[in-house]
Amino acid sequence: MALQVSSAACFFRVFSHRNRRAHTTTVRRGVASEDFAALKSSEEEKLKLGASELKVTRLGIGAWSWGDTSYWNNFEWDDRKLKAAKAAFNTSVDCDITFFDTAEVYGSRLSLGAINSETLLGRFIKERKEKDPKVEVAVATKFAALPWRLGRQSVLNALKDSLCRLGVSSVELYQLHWPGVWGNEGYIDGLGDAVEQGLVKAVGVSNYNERRLRDAYEKLKKRGIPLASNQVNYSLIYRAPEENGVKVACDELGISLIAYSPIAQGVLTGKYSPENPPTGPRSRIYTPEFLTRLQPLLNRIREIGEGYSKTPTQVALNWLIAQENVVPIPGAKTAEQAEEFAGALGWRLADEEIYELRSLASEIRPIIGFPVENL
């Protein structure tokens with residue numbers, strides 16, 4: 001039985017208000033009595049992002065769905081979903097997952113009925129701190145490289161707007177959400193300015209290919225500022241970062257890779273099947289035909305998970321963590337999802353299982369990624 005450090009700690013922290021599910025959760029987590037002697041402090045469980053001084057938990061939470069009405073939530077946002085998102089936040093913190101990723105365009109005001117994700121995250125943090133002033137949360141947000149935004153000042157202006165929505169004076173990580181059609185030199189300058197003005201602790205990029213990544217790294221290096229991270233689409237069934245040089249460049253340069261869509265927008269959880277595909281925009285990506293080809297891999301993920309008393313979700317996330325220098329940020333819409341994600345920590349798949357899953361996944365034609373990766 002693999003060591004179940006984080007899942008044990010999380011389980012007993014949330015047990016008091018979920019005791020009706022105690023038995024099933026214990027079975028699912030595989031909690032063992034010997035785990036108590038091996039529990040690590042949350043600080044020991046953190047890692048540095050690249051060469052920066054910023055330390056974050058080894059798994060974060062993505063807030064893309066919070067407030068969104070353009071891709072998630074069946075195109076609507078209501079009080080029930082708001083309460084569920086808040087519960088996801090609080091449960092994540094209860095489980096010592098304190099790294100949250102958002103963006104100015106998540107839940108954009110341009111989407112009818114949407115609430116900006118930054119606004120929600122800021123509200124959740126404020127309310128949590130009122131009850132527990134000692135809680136420490138690391139916030140990552142992003143600058144949208146919209147065509148009409150030019151120069152370094154556009155980055156600083158957008159950052160200050162984000163800080164206002166979040167209700168904070170600085171954030172831990174500020175990222176360029178995607179490379180711009182033009183103006184990228186100025187954007188990188190803006191990141192450097194944000195660090196020097198004390199508005200951020202670390203800076204990163206997102207959806208950057210190898211060439212752009214190396215260019216950004218060198219430009220910031222001249223100012224003595226490390227490029228902490230590159231956030232890209234990365235999962236067991238979308239391994240483009242391994243194939244296009246991005247993962248190698250990150251490892252070589254000391255840049256952390258933050259993996260978004262690490263469970264392929266829910267498809268690697270085993271929740272969906274050819275008879276029950278996802279709804280909404282995801283249905284155009286994960287078709288019944290694709291899900292049919294995916295079944296052998298999902299079956300093997302499930303079998304491996306049973307050996308560790310882990311769910312398919314936890315196996316898929318642990319596979320990414322085992323790649324080293326990778327921080328997955330699955331999106332949590334409910335407390336139950338957040339608690340399950342915590343069970344991906346504190347243990348490790350065997351090397352032969354890691355290789356086997358990659359081999360099985362290689363037999364599946366990959367999905368299409370976010371087009372901006374190719375800018």
Side-chain angles (χ1 to χ4, degrees), residues 1-15 18-39 45 58-59 91 95 97 234-239 259 261-278 286 290-324 326 328 330-332 334-364:
M1 180 64 67
L3 184 65
Q4 316 289 323
V5 175
S6 296
S7 54
C10 173
F11 171 77
F12 285 98
R13 190 170 289 117
V14 301
F15 176 82
R18 292 191 190 166
N19 55 14
R20 70 181 183 279
R21 296 190 293 112
H23 175 69
T24 56
T25 304
T26 303
V27 172
R28 177 163 54 87
R29 299 280 186 229
V31 176
S33 59
E34 61 268 22
D35 295 337
F36 291 105
L39 291 179
E45 284 295 302
R58 294 180 179 274
L59 182 145
T91 298
C95 293
I97 298 175
Y234 188 24
S235 71
L236 186 55
I237 59 171
Y238 189 81
R239 300 179 311 286
S261 296
I263 49 176
Q265 299 182 15
V267 173
L268 289 176
T269 66
K271 174 181 179 181
Y272 302 109
S273 67
E275 298 75 31
N276 178 41
Y286 305 106
F290 179 86
L291 292 169
T292 297
R293 297 194 299 271
L294 192 61
Q295 290 311 299
L297 174 63
L298 289 177
N299 290 337
R300 185 59 184 139
I301 289 174
R302 189 175 293 107
E303 291 171 357
I304 290 174
E306 289 172 355
Y308 294 96
S309 295
K310 293 293 179 181
T311 67
T313 298
Q314 292 163 343
V315 171
L317 290 172
N318 190 269
W319 185 89
L320 275 177
I321 294 168
Q323 305 310 310
E324 303 295 340
V326 175
T334 67
E336 290 74 19
Q337 289 176 341
E339 187 180 348
E340 183 176 21
F341 296 158
L345 297 167
W347 62 286
R348 189 182 187 279
L349 290 165
D351 287 345
E352 57 268 26
E353 293 165 338
I354 294 169
Y355 300 143
E356 180 187 3
L357 290 177
R358 178 182 279 106
S359 178
L360 283 172
S362 298
E363 299 176 8
I364 303 166

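Quick caveat, the model's predicted, so the values are computed rather than measured.
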How far does [atom1] of [X] sit from [atom2] of [Y], to the nearest 0.5 angstrom?
X    : Y    : atom1 : atom2 : value
R239 : R358 : CZ    : CZ    : 7.0 Å
E352 : L357 : CD    : CG    : 11.0 Å
I97  : L59  : CD1   : CG    : 5.0 Å
I364 : L297 : CD1   : CG    : 4.5 Å
N318 : I354 : CG    : CD1   : 7.0 Å
I263 : L236 : CD1   : CG    : 12.0 Å

Within the 4.5 Å heavy-atom criterion, are [X] and [Y] side-chain neighbours or not?
X    : Y    : value
T269 : T311 : no
W319 : E353 : no
Q265 : S235 : no
W347 : K310 : yes
V326 : I321 : no
I304 : I301 : no
F290 : I237 : yes

Q. Who are the side-chain hydrogen bond (donor to acceptor under 3.5 Å, both in side chains) partners of S273, not counting sequence neighbours?
A. E275
(Q) Can you list everything that forms a side-chain hydrogen bond (donor to acceptor under 3.5 Å, both in side chains) with T334? Sequence neighbours excluded, please. (A) none
If you compare all heavy atoms of [X] against all heavy atoms of [Y], which two are closest, and at what distance to 0.1 Å?
X    : Y    : result
P296 : R293 : CD-O, 3.4 Å
Y286 : L291 : O-CD1, 3.9 Å
T292 : P274 : OG1-CG, 3.3 Å
R58  : P328 : O-CD, 3.5 Å

Q. Step by step, would you call L268 with L298 a side chain to side chain contact (heavy atoms under 4.5 Å, CB included)?
A. CA-CA 7 Å; L268 289 176; L298 289 177; 4.2 Å; yes
Q: Give a yes or no answer on whether the side chain of Q314 reaches the backbone of E340 with a donor-acceptor pair at less than 3.5 Å.
A: yes
